[in-house]
Amino acid sequence: DAKTTQPPSMDCAEGRAANLPCNHSTISGNEYVYWYRQIHSQGPQYIIHGLKNNETNEMASLIITEDRKSSTLILPHATLRDTAVYYCIVRAITGTASKLTFGTGTRLQVTL
Amino acid sequence: DAGITQSPRHKVTETGTPVTLRCHQTENHRYMYWYRQDPGHGLRLIHYSYGVKDTDKGEVSDGYSVSRSKTEDFLLTLESATSSQTSVYFCAISGRQGAAEAFFGQGTRLTVV
């Protein structure tokens with residue numbers, strides 16, 4: 001699975017959009033981009049994933065560049081409850097088993 | 001929450017003793033994973049399973065073994081616990097190959113003294 005690079009930490013004011021970047025310059029054509037988050041000491045929570053088109057769900061939007069070498073997770077109106085560590089992961093869709101390999105993520109702090 | 005239960009949730013054990021952690025799912029998902037999480041390291045994959053009796057190693061498998069005799073249960077065993085295995089352990093499940101998202105359990109906090 002391709003490696004990802006994320007900033008270690010970011011701040012965002014409550015009510016503003018949080019834009020979390022991820023670089024995955026070695027991504028292969030058969031790899032999806034996934035985002036998870038981990039709030040305090042809970043288990044990670046799935047947010048969204050995509051292959052090459054932009055995606056949106058009730059939690060967030062995912063913007064993937066045309067060359068697929070980077071992506072941005074957007075939380076449109078961040079709240080204090082969005083304070084968490086956010087993980088960007090690339091994962092192959094073929095093979096015997098789909099490993100899910102985490103990096104160290106971005107710690108997002110949402111403030112009043 | 002997806003139907004994943006980890007047991008025990010907390011355990012303190014002595015160095016050199018065997019320990020087994022259990023992950024139980026009610027989703028009939030094919031894939032199951034064990035991770036450990038330590039400060040400064042994020043989540044690291046220990047072992048994973050892609051079906052009954054089908055398992056493979058992750059990046060930090062030394063000192064750990066796993067078994068999956070039924071779809072719903074994935075056991076992680078520390079044959080002889082060491083202090084370096086003090087960690088929080090997470091189990092995850094995934095429904096199918098490809099694009100399926102993974103769901104995580106609430107974690108087991110293991111302390112080896």
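As the structure is a computational prediction, the values presented were derived from the model and not from experiment. Throughout, protein chains are lettered first and strands after them, A, B, ... in sequence-line order, and every chain is numbered starting at 1.
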Problem - Flag side-chain contact, heavy atom, 4.5 Å: A:Pro44 against B:Leu43 - result: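 Yes, their side chains come closer than 4.5 Å.
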Practice task
Kindly indicate whether the side chain of B:Ser94, heavy atoms from C-beta on, has any atom under 4.5 Å from the side chain of A:Arg91.
Solution key: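 Contact flag for B:Ser94/A:Arg91 side chains = yes.
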Handout entry: Residues clustering with B:Leu75 (ILVMFWY side chains joined when closer than 4.5 Å, directly or via others)
Key =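 Other cluster members: none.
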Problem - Linked hydrophobic residues, A:Ile63 as query - side chain contacts closer than 4.5 Å - result: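 Listed partners: A:Ile74.
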Practice task
Please indicate whether B:Arg44 has more than 12 foreign heavy atoms, meaning atoms of other residues, nucleotides or ligands, lying under 6.0 Å from its CZ.
Solution key: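 Counting other residues, nucleotides and ligands, CZ of B:Arg44 exceeds 12 neighbours.
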Practice task
Take atom CD of B:Glu59 as the centre, draw a 6.0 Å sphere, and report whether it contains more than 12 heavy atoms from other residues, nucleotides or ligands.
Solution key: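 Counting neighbours around CD of B:Glu59, more than 12 heavy atoms of other residues, nucleotides or ligands fall under 6.0 Å, so yes.
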Problem - Contacts with chain B made by residues 103-112 of chain A (heavy-atom distance under 4.5 Å), listed by residue number - result: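 Checking residues 103-112 of chain A against chain B gives A:Gly103, A:Thr104.
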Problem - Contacts with chain B made by residues 12-19 of chain A (heavy-atom distance under 4.5 Å), listed by residue number - result: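 Listed by number, there are no contacting residues, so the answer is none.
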Practice task
May I ask whether A:Leu80 and A:Met59 are part of the same hydrophobic cluster, defined by side-chain heavy atoms of I, L, V, M, F, W, Y residues being less than 4.5 angstrom apart, directly or through others?
Solution key: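 A:Leu80 clusters together with A:Met59.
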Problem - A:Tyr46-A:Leu51 co-clustered via ILVMFWY side chain contacts under 4.5 Å - result: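 Yes, A:Tyr46 connects to A:Leu51 through the hydrophobic network.
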Handout entry: Under 4.5 Å from any heavy atom of chain A - which part of B:Gln6
Key =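 Contact with chain A is absent: no heavy atom of B:Gln6 under 4.5 Å.
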Problem - Part of B:Leu45 lying under 4.5 Å from any heavy atom of chain A - result: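 Just its side chain gets close to chain A.
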Exercise for the section: Grab the two heavy atoms, one from A:Tyr34 and one from B:Glu101, that are nearest each other, plus how far apart they are. Expected result: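 That closest heavy-atom pairing would be CE2-CA, 4.3 Å.
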Practice task
Apply the test side-chain contact (heavy atoms from CB on, under 4.5 Å) to residues A:Gln42 and B:Phe104: give CA-CA distance (whole Å), side-chain angles for both, the deciding distance (0.1 Å), then the verdict.
Solution key: CA-CA 9 Å; A:Gln42 299 176 20; B:Phe104 284 77; over 6 Å; no
